[in-house]
Amino acid sequence: MSATLQRFDVRGLACVVTGAASGIGLAYAEVMAEHGARVSLFDLNATGLQAAGQRLRAQGADVRTAVVDVTDRAALQAAFERSASAHGGLDVLFANAGIDAGPGFLTPGNERNPAGSLEGLDEAHWDAVIATNLTSVFTSLRAAARLMKPKGSGSIIVTTSNAAIINEAIVGTPYMPAKAGAASLVRQAAMELARYGIRVNAIAPGPFVTNIAGGRLRNPADREAFQVRVPMHRVADTEEIKPLALFLASQASSFVTGAQLVIDGGQMLGRVD
Ligand SMILES: NC(=O)c1ccc[n+]([C@@H]2O[C@H](COP(=O)([O-])OP(=O)(O)OC[C@H]3O[C@@H](n4cnc5c(N)ncnc54)[C@H](O)[C@@H]3O)[C@@H](O)[C@H]2O)c1
């Protein structure tokens, strides 16, 4: 193997993925497990978690699962500690769990949508999006910093969104500040933790076909509403995020910190009809 390819080696690394039962988090867990890392999968969804854990173990991976709600700070901290005891510390964290944005102030058909307007927004949904998509990133970063600092090394990857950078009318309003906040937290943590050998980066996806929002990108009308906003005129498969995850988790990205790597088929560049 070339010296360059060796830098992607993650064998034996202890890794935690939050929101690992489905979609992008499952892809992170799969690519790390396939390449020999020891992976702890955290998720609320016990059934999905069990299925993912069994499948990866059947492939010979050293995988454990923990049913945990990332918005429960004490439970999340405890899950990190149990995982570190079982896997000999923590080398890589993917803080990925996130929930649906809710309705945008425009429908996919470009109609005004009262349920997504500032006046109509459900306050409980606002609180849930901030708790899951932003505050849990802080809780996860803090737990990881506690475990990684004594080792003097580590890589933390946060799933943000291109919505952290560009606003989108058909995506729910609470998602924008939650993801922008998570992106800002990544940069702040990267500055603080650099001296301890810990790198912190973000992956900012555009539309990927997952189970988020009821798996709406599998619905042709919804998919088209997103595709027209993407210069490559398609949505993505979660397989496409795996190489980027491996890059950021490994020494292949040894001088990359505080970055937000966008993977969105050019959506950030603007619409091309
Ligand atoms: N799919 C996309 O198009 C897209 C685009 C940009 C960003 N993202 C982000 O990617 C991340 C993963 O989303 P996805 O699209 O794979 O969705 P998904 O619904 O397929 O997977 C999310 C997983 O997180 C889990 N989860 C949700 N709330 C949780 C909680 N409180 N505690 C523990 N686990 C919880 C869910 O059970 C689920 O297994 C999210 O942060 C999302 O905002 C997704």
Side-chain angles (χ1 to χ4, degrees), residues 16-30 40-53 65-77 79-80 93-102 125 127-137 139-140 143 157-168 170-172 174-183 185-186 202-219 222-223 225-227 229-230 234-242 244-245 260-265 267-268:
V16 165
V17 182
T18 72
S22 169
I24 290 170
L26 180 57
Y28 293 154
E30 286 172 351
S40 291
L41 285 72
F42 292 3
D43 207 289
L44 264 183
N45 172 358
T47 315
L49 202 54
Q50 201 187 4
T65 56
V67 179
V68 61
D69 180 344
V70 296
T71 66
D72 180 337
R73 292 179 189 186
L76 185 57
Q77 176 64 33
F80 270 97
L93 162 65
F94 288 92
N96 164 80
I99 57 169
D100 178 16
H125 186 65
D127 291 344
V129 172
I130 298 298
T132 312
N133 295 6
L134 175 57
T135 307
S136 88
V137 175
T139 316
S140 299
I157 300 104
V158 176
T159 310
T160 56
S161 167
N162 61 6
I165 310 165
I166 48 161
N167 288 57
E168 175 52 75
I170 66 170
V171 174
Y175 199 74
M176 308 298 152
K179 291 298 187 181
L185 192 51
V186 163
I203 292 179
F208 273 70
V209 180
T210 69
N211 290 318
I212 205 163
R216 73 172 171 180
L217 290 181
R218 293 190 185 93
N219 168 317
D222 278 332
R223 188 168 58 237
F226 279 88
Q227 280 179 177
R229 292 166 159 78
V230 178
R234 67 175 180 86
V235 294
D237 187 275
T238 53
E239 285 296 314
E240 298 181 80
I241 214 158
K242 290 181 175 181
L244 187 51
Q260 178 162 237
L261 304 186
V262 177
I263 173 166
D264 74 345
Q267 188 178 13
M268 291 274 304

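Note that the coordinates shown come from a computational prediction; the quantities given were computed from them, not determined experimentally. Order of listing sets the numbers, starting from 1, for every ligand and every atom in it.
- Contact annotation: T18 has no heavy atom less than 4.0 Å from any atom of ligand 1.
- For F226, the closest heavy-atom approach to ligand 1 does not fall below 4.0 Å.
- Taking every heavy atom of V68 and a limit of under 4.0 angstrom, the matching atoms of ligand 1 come to 32 (N), 33 (C).
- Looking at T159, N96, V158 and measuring to atom 41 (O) of ligand 1, the nearest heavy atom belongs to N96.
- Atom numbering of ligand 1 starts at 1 in the shown order; those under 4.0 Å from a heavy atom of G23 are 16 (O), 20 (O).
- No side-chain donor-acceptor contact under 3.5 Å links R216 to the backbone of I212.
- Closest protein heavy atom to atom 31 (N) of ligand 1: D69 OD1, 2.9 Å.
- Heavy-atom proximity to atom 18 (P) of ligand 1, evaluated over A46, S22, G214, is greatest for S22.
- Atom CD1 of residue I241 and atom CD1 of residue I263 lie 5.0 Å apart, to the nearest 0.5 angstrom.
- Each of the following atoms of ligand 1 lies closer than 4.0 Å to a heavy atom of P205: 5 (C), 6 (C), 7 (C).
- The closest donor-acceptor contact from the side chain of H125 to the backbone of G172 lies at 3.5 Å or more, if one exists at all.
- Under the 3.5 Å distance criterion, with hydrogens and angles disregarded, a donor-acceptor pair is assigned to the side chains of N211 and S22.
- Scanning all protein heavy atoms for the shortest distance to atom 35 (C) of ligand 1 gives A97 CB, 3.9 Å.
- Considering each of G98, A52, G48, G19, the one bringing a non-hydrogen atom nearest atom 27 (C) of ligand 1 is G98.
- Nearest to atom 34 (N) of ligand 1 by heavy-atom distance, out of I24, L26, T210, L44, is L44.
- Contact atoms of ligand 1 toward I99: 27 (C), 28 (N) (distance under 4.0 Å to a heavy atom of the residue).
- Residue contacts with ligand 1: T160 is included, with a non-hydrogen atom under 4.0 Å away.
- Taking every heavy atom of Y175 and a limit of under 4.0 angstrom, the matching atoms of ligand 1 come to 6 (C), 7 (C), 8 (N), 9 (C), 42 (C), 43 (O).
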Q: Could you walk me through whether N133 and Y175 pass side chain to side chain contact (heavy atoms under 4.5 Å, CB included), step by step?
A: CA-CA 8 Å; N133 295 6; Y175 199 74; 3.5 Å; yes
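- Qualifying salt bridge (charged side-chain N to carboxylate O under 4.0 Å, His left out) partners for R234, counting only residues two or more places apart in sequence or in other chains: E240.
- For ligand 1, the atoms lying closer than 4.0 Å to a non-hydrogen atom of V70 are 30 (C), 31 (N), 32 (N), 33 (C).
- Comparing G206, P207, A236 against atom 4 (C) of ligand 1, the shortest heavy-atom distance belongs to G206.
- Taking only non-hydrogen atoms, the option from N133, L49, V171, I212 nearest to atom 17 (O) of ligand 1 is I212.
- Below 30°, between 30° and 60°, or above 60°: for F94 and Y28 the angle between ring planes is below 30°, a parallel geometry.
- Other residues, nucleotides and ligands place more than 12 heavy atoms under 6.0 Å from the CZ atom of R223.
- Using modelled atom types, one finds a donor on one side chain and an acceptor on the other under 3.5 Å when comparing T160 with Q260.
- The closest protein non-hydrogen atom to atom 1 (N) of ligand 1 is F208 O, 3.1 Å.
- To the nearest 0.5 Å, atoms CD (Q77) and OG1 (T139) are separated by 9.0 Å.
- The distance from the CG atom of D72 to the OG atom of S136 is 11.5 Å, given to the nearest 0.5 Å.
- The distance from the CD1 atom of I157 to the CG atom of L244 is 9.0 Å, given to the nearest 0.5 Å.
- When only non-hydrogen protein atoms are considered, atom 39 (O) of ligand 1 lies nearest to D43 OD2, 2.7 Å.
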